[in-house]
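The analysis underlying the following values was restricted to heavy atoms, covering all of them including side chains, and did not include hydrogens, waters or symmetry mates. Quick note on labels: first sequence line is chain A, next is B, and so on, each numbered from 1.
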2 protein chains.
Amino acid sequence: MGVVERKQRHKEELKKDILAAARELFTERGWESTSIRNIAEKIEYSPATIYLYYKDKNEIIFDLHREGFKLLIDYFGVLKGVADPFERLKAMGRAYIRFALENQDTYKLMFVMEEPLRHVESCVAQDWNEGDRAFDILLNTVAECQQKGYFKNLHTANISFVIWSTMHGLCTLRTSGHLGHVGLVRNSGMDIDLLLTNAYEEFVKMMEQLKA
Amino acid sequence: MGVVERKQRHKEELKKDILAAARELFTERGWESTSIRNIAEKIEYSPATIYLYYKDKNEIIFDLHREGFKLLIDYFGVLKGVADPFERLKAMGRAYIRFALENQDTYKLMFVMEEPLRHVESCVAQDWNEGDRAFDILLNTVAECQQKGYFKNLHTANISFVIWSTMHGLCTLRTSGHLGHVGLVRNSGMDIDLLLTNAYEEFVKMMEQLKA
DNA sequence: CAAACGTACTGAACACTGTTCAGTAAATCA
DNA sequence: TGATTTACTGAACAGTGTTCAGTACGTTTG
């Protein structure tokens, strides 16, 4: 009897609908102003129904969180065509910035908010490889750069953390608006995204000078 | 007649009491779980009273925000004894990390949350020099380092932004818990603060190699 | 001295939030 | 047909930031 299967299919579809509604509201209004009631209204169900498919709001965030990492890896897709590891590292930084600027709320979800992480903790040993994969790409690229003479005498993992931190810092200071509130920037009336690009290129120059 | 003055004094005291209560609740439970009603209860006044002294919750955040910058500059106090600019830059980084770890919620208020910034925007040309002063200290130190042969051919402001971003990235990835969720760290069981220190020292090494 | 005024404060409400749970209606099974 | 399971919901709970009419009281004026 395909009845139970049909029901199962319907349940899965509804779960997808919830996530789709959440994603849509979330990307156009940010997470802060997306409530369970908003999502429920969009899919034309009662708010209580959502709790039959998701334990709580954080579980919904977490699903979007995972989607975000997949998207980031998509952004890293362009790197496959770049043979030289240092050029790849440079392109990776640019892709990271592009991702952060084009998906500001998703970025916040992935790397700033603490709620989705708490959910990762609760489901130990679950398939949470998306996040690691993104970091592994960086780790491998840095290691390849070292074989080409870059970052000699520097610890691979540590230097990768530093690079990630720099990128993360640049992106969050930009998107949160803090970069634009520094007097130097505020008074000069300089374009904030140009400043971000300039700062990144300066960082690339820094790394370039770290070649043996 | 000193009556009106006495009243004025009392009003100012109450405003300080509100801020003190907010600061206390805030530092021990974080901003998320500090409500206007909590603050009101602590000072034994009605919630509505708070709105006679502060326009809204963001204005209270902003006052704590300012205090935070003063505290950060206090942390930078140790730098006055360091003559060599590069040593001073190194010490500055350590002080920044110490500040961020010892005042995690205040740090979030100052450099992560967007609400206090919105209040800065509303009161244009107000005395908002605390934030700039902290950045100027960095800017000047970097400039001095350049005179000693460091960061040659690099743009002072850009390199300062990069350094700030790196520090900010390290601190926020640490305090938000994201650093601890990278597979490499999670599996190795490495102490997270040791990792942060190591990463910072690696960053110092990077900068050391940027001497002409 | 009494009436008018101004200030400081509050209770109660509004419109939200995430979340729970008893109850209902319909589909399925025995 | 009757019992059971499934899917769903209305209403409530406890909380949030914020507003506003109303009160109580000290000060000023006639």
Side-chain angles (χ1 to χ4, degrees), chain A residues 1-19 21-22 25-26 29-65 105 109 113-119 122, chain B residues 1-19 21-22 25-26 29-65 105 109 113-119 122:
Chain A
M1 53 190 80
V3 166
V4 52
E5 282 161 10
R6 193 199 64 219
K7 284 201 168 185
Q8 187 59 35
R9 224 169 32 239
H10 181 262
K11 276 199 80 168
E12 280 165 17
E13 253 172 45
L14 187 47
K15 183 155 186 171
K16 275 181 194 164
D17 287 349
I18 293 172
L19 196 66
L25 288 171
F26 162 77
R29 318 151 65 161
W31 184 251
E32 241 81 293
S33 358
T34 301
S35 70
I36 296 285
R37 281 176 178 81
N38 294 156
I39 299 170
E41 201 178 358
K42 198 168 186 84
I43 59 166
E44 292 175 300
Y45 276 83
S46 150
T49 304
I50 291 179
Y51 288 87
L52 301 173
Y53 295 84
Y54 282 98
K55 193 179 120 277
D56 56 15
K57 208 186 172 186
N58 289 341
E59 201 168 295
I60 304 178
I61 305 186
F62 180 68
D63 260 18
L64 293 173
H65 181 264
D105 290 296
L109 214 72
M113 288 172 66
E114 300 172 28
E115 287 85 351
L117 277 192
R118 265 175 234 144
H119 188 266
S122 69
Chain B
M1 55 188 75
V3 167
V4 51
E5 282 161 10
R6 194 199 66 218
K7 283 199 170 184
Q8 187 59 34
R9 223 168 32 238
H10 182 261
K11 274 199 80 169
E12 279 165 17
E13 253 172 46
L14 187 48
K15 183 156 184 170
K16 275 182 193 164
D17 286 349
I18 293 171
L19 196 67
L25 288 170
F26 163 77
R29 318 151 66 164
W31 185 250
E32 240 80 293
S33 0
T34 300
S35 71
I36 296 286
R37 282 176 177 81
N38 293 156
I39 299 170
E41 202 177 359
K42 198 168 187 85
I43 58 166
E44 292 176 299
Y45 275 84
S46 149
T49 304
I50 290 179
Y51 287 87
L52 301 174
Y53 295 84
Y54 282 99
K55 196 179 119 276
D56 56 13
K57 208 185 173 187
N58 289 341
E59 203 168 294
I60 305 177
I61 306 187
F62 180 67
D63 260 19
L64 293 174
H65 181 263
D105 290 295
L109 213 72
M113 288 173 66
E114 299 172 29
E115 287 85 352
L117 278 192
R118 264 176 236 143
H119 189 266
S122 70

Assess whether side chain to side chain contact (heavy atoms under 4.5 Å, CB included) is satisfied between B/Tyr53 and B/Leu19, documenting all intermediate values.
CA-CA 10 Å; B/Tyr53 295 84; B/Leu19 196 67; over 6 Å; no

List the steps and the verdict of side-chain hydrogen bond (donor to acceptor under 3.5 Å, both in side chains) for A/Asp17 and A/Tyr45.
CA-CA 11 Å; A/Asp17 287 349; A/Tyr45 276 83; over 6 Å; no

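To the nearest angstrom, P of D/dT18 lies 14 Å from OH of B/Tyr54. To the nearest angstrom, P of C/dC16 lies 17 Å from CD of A/Glu32. Computed from coordinates, the B/Lys55 NZ to D/dT18 P distance equals 8 Å when rounded to whole Å. Distance, B/Ile50 CD1 to D/dT19 C1': 14 Å, rounded to whole Å. We find that CZ of A/Arg9 is positioned 18 Å from P of D/dT6, with the value rounded to whole Å. A straight line from CD of B/Glu59 to C1' of D/dT18 spans 14 Å, rounded to a whole angstrom. In this entry the distance linking CG of B/Asp17 with P of C/dC9 reads 11 Å, nearest Å. Counting to the nearest Å, the P atom of C/dT17 and the CD1 atom of A/Ile39 are 11 Å from each other.
Listed here is the closest heavy atom pair of A/Ala40 and A/Ile50: N-CD1, 3.6 Å.
Looking only at distances, no side-chain donor or acceptor of A/Asn58 sits under 3.5 Å from a matching main-chain atom of A/Ile61.
Applying the 6.0 Å contact sphere to CD of A/Glu41 captures no more than 12 heavy atoms from other residues, nucleotides or ligands.
Considering CD1 of B/Ile43 and CD1 of B/Ile18, their distance stands at 4.5 Å, rounded to 0.5 Å.
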Where along nucleotides 8-16 of chain D does protein come under 4.0 Å, by heavy atom, of base (B) or sugar-phosphate alone (S), with - for untouched nucleotides?
BBB-B---B

